[in-house]
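Have a look at the structure below before the remarks.
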There are 2 protein chains.
Amino acid sequence: MKKAKKKLFREFIAEKGLKSTRQRDIILDAFLSSDRHLSIEELYLKLRSKHPSIGYATVYRTLKLFAESGIAREIHFGDGQTRYEHTGEGEHHDHLVCKRCGSIIEFENEAIEKIQDEIASSYGFLIQHHKLELYGLCAKCRA
Amino acid sequence: MKKAKKKLFREFIAEKGLKSTRQRDIILDAFLSSDRHLSIEELYLKLRSKHPSIGYATVYRTLKLFAESGIAREIHFGDGQTRYEHTGEGEHHDHLVCKRCGSIIEFENEAIEKIQDEIASSYGFLIQHHKLELYGLCAKCRA
DNA sequence: CCTGATCTGAAATTGATTTTCAATCATAGC
DNA sequence: GCTATGATTGAAAATCAATTTCAGATCAGG
Ligand SMILES: [Mn+2]
Ligand SMILES: [Mn+2]
Ligand SMILES: [Zn+2]
Ligand SMILES: [Zn+2]
């Protein structure tokens, strides 16, 4: 899947008339080989050890491109930091967020999605995307 | 219910050993007589016409107190502005957010809440609060 | 190679929010 | 009521994430 995403991003770059650069390659590698839900700061720090010349602004700009291209999704867990996570073709999931240790559990639930659609259509509302996050304490932290 | 919330806030103030001030009263009145989902900026501007001497920082501080006391809830719709809405005793609802005109529809759905609990308990996770927002186009805007 | 458009890093800027601080105010006890 | 003490306030400065600016570097294509 790393291969597939690289290809997707290369295609996106080409379509948009953008350029393939050393920095974008490096940041893409770092992103794809990182944990999910990484904050920009975390990714930047991770990069910096091997590639100290890459600028902060470039990381911001490049992550935005990843999101535009569809290989990443921007997420906000309410801690004031923007995070990005990998996204697959058509894939969607929601999150359980531990407020003590910060761990994230991902889940998918077809029944909830279905009810959401029913609610929206009862108001004549067209859903484009949604956000469902359950905050609390993970099994370890509540013990 | 305005009465009840004023009383609740007065009690909160007393319990915490805080003081009842002219500014807090004014901001509370403005908040209680405002639309739901007001941004801090909006509330500040609304206040300023009648009470030009009230400072920005005081509005920020006071809204935080409202949230602490339980009469308000802080919400983030992803536009970079913090909003506050009125909350009733034990009451909870979620939101449909129109991305074109900004209108908000509130809804409650017992079935979704129940499934959320099931998901959480299947992971041994303890939910403290959650956030469910459906973004898209309202009936008017999609027409 | 050349050329022109895109990119980049560093620094400056923005915008929301928070903090600082000296002056003011509220209130509990006399 | 009056005072002492601690909380509160407004204005300005500071913070923090994110974005923009800009001059130099780099890419792609001819
Ligand atoms: Mn995720
Ligand atoms: Mn609401
Ligand atoms: Zn945890
Ligand atoms: Zn609308």
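Chain identifiers are assigned alphabetically (A, B, ...) following the order of the sequence lines, protein sequences preceding nucleic acid strands; residue numbering begins at 1 within each chain.
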Response to the item:
Contact string for nucleotides 24-30 of chain D, one letter per nucleotide 5' to 3', B = base within protein heavy-atom range under 4.0 Å, S = sugar-phosphate only, - = neither, reads ---BS--
Discussion item. Check this for me, if you would: do A:Glu118 and A:Lys114 make a salt bridge, where the nitrogen-to-carboxylate-oxygen distance has to be below 4.0 angstrom?
Written reply: yes
Item to complete: Would you mind checking if B:Lys7 and B:Glu11 are paired as a salt bridge, meaning a charged N to carboxylate O distance below 4.0 Å?
Response: yes
Practice prompt. Return the minimal non-hydrogen interatomic distance between A:Arg22 and A:Ser53, and the atom names on each side.
Written response: NH2-OG, 4.1 Å
Response to the item:
Hits for side-chain hydrogen bond (donor to acceptor under 3.5 Å, both in side chains) against A:Tyr56, two or more places apart or cross-chain, chain-then-number order -> A:Glu41
Worksheet entry | For atom NE2 of B:His51 and atom P of D:dT9, their distance in whole Å | 14 Å
Worksheet item: Just how far, in rounded Å, is P of D:dA17 from CG of A:Leu43?
Response: 15 Å
Worksheet entry | Separation of atom CZ in A:Arg61 from atom C1' in D:dT19, rounded to whole Å | 9 Å
Worksheet item: Is it true that a side-chain atom of B:Arg10 and a backbone atom of B:Ser20 form a donor plus acceptor pair closer than 3.5 Å?
Response: no
Discussion item. Do B:His76 and B:Glu133 have side chains that approach each other closer than 4.5 Å (heavy atoms only, starting at C-beta)?
Written reply: no
Discussion item. Could you check whether A:Glu106 and A:His37, counting side-chain N and O atoms only, form a donor-acceptor pair closer than 3.5 Å?
Written reply: yes
Discussion item. With each end axis built from five pairs of C1' atoms, what bend angle do you get for the helix from C:dC1-D:dG30 to C:dC30-D:dG1? Round to 10°.
Written reply: 30°
Discussion item. Need two values: the first and the last nucleotide of DNA chain C, 5' to 3', having an atom under 4.0 Å from any heavy-atom of chain B.
Written reply: C:dA16 to C:dT27
Worksheet item: Does B:Lys6 come within less than 4.0 Å of B:Asp29, counting only side-chain N to carboxylate O?
Response: yes
Item to complete: Give the rounded distance in Å between these two atoms: CD1 of B:Ile27 and P of D:dT8.
Response: 13 Å
Discussion item. So if I take residues 68-86 of chain A and measure heavy-atom distances to DNA chain C, which residues fall below 4.0 Å?
Written reply: none
Item to complete: Compute whether any side-chain donor of one residue and acceptor of the other, for B:His129 and B:His92, lie under 3.5 angstrom apart.
Response: no
Discussion item. Looking at B:Arg24 and B:Lys19, would you say the former's side chain and the latter's main chain have a donor-acceptor pair under 3.5 Å?
Written reply: yes
Discussion item. List the residues meeting side-chain hydrogen bond (donor to acceptor under 3.5 Å, both in side chains) with B:Glu108, not counting sequence neighbours, and say none if there are none.
Written reply: none
Discussion item. Tell me if a side-chain donor or acceptor on B:Thr87 pairs with a main-chain N or O of B:Gly70 at a distance below 3.5 Å.
Written reply: yes
Worksheet item: Which class fits the ring pair A:Phe12 and A:Phe9: parallel under 30°, tilted 30 to 60°, perpendicular over 60°?
Response: parallel
Worksheet item: Is any side-chain nitrogen or oxygen of A:Tyr60 closer than 4.0 Å to OP1 or OP2 of D:dT19?
Response: no
Discussion item. Over all strands shown, is A:Lys64 touching base, sugar-phosphate only, or nothing at heavy-atom distances under 4.0 angstrom?
Written reply: sugar-phosphate
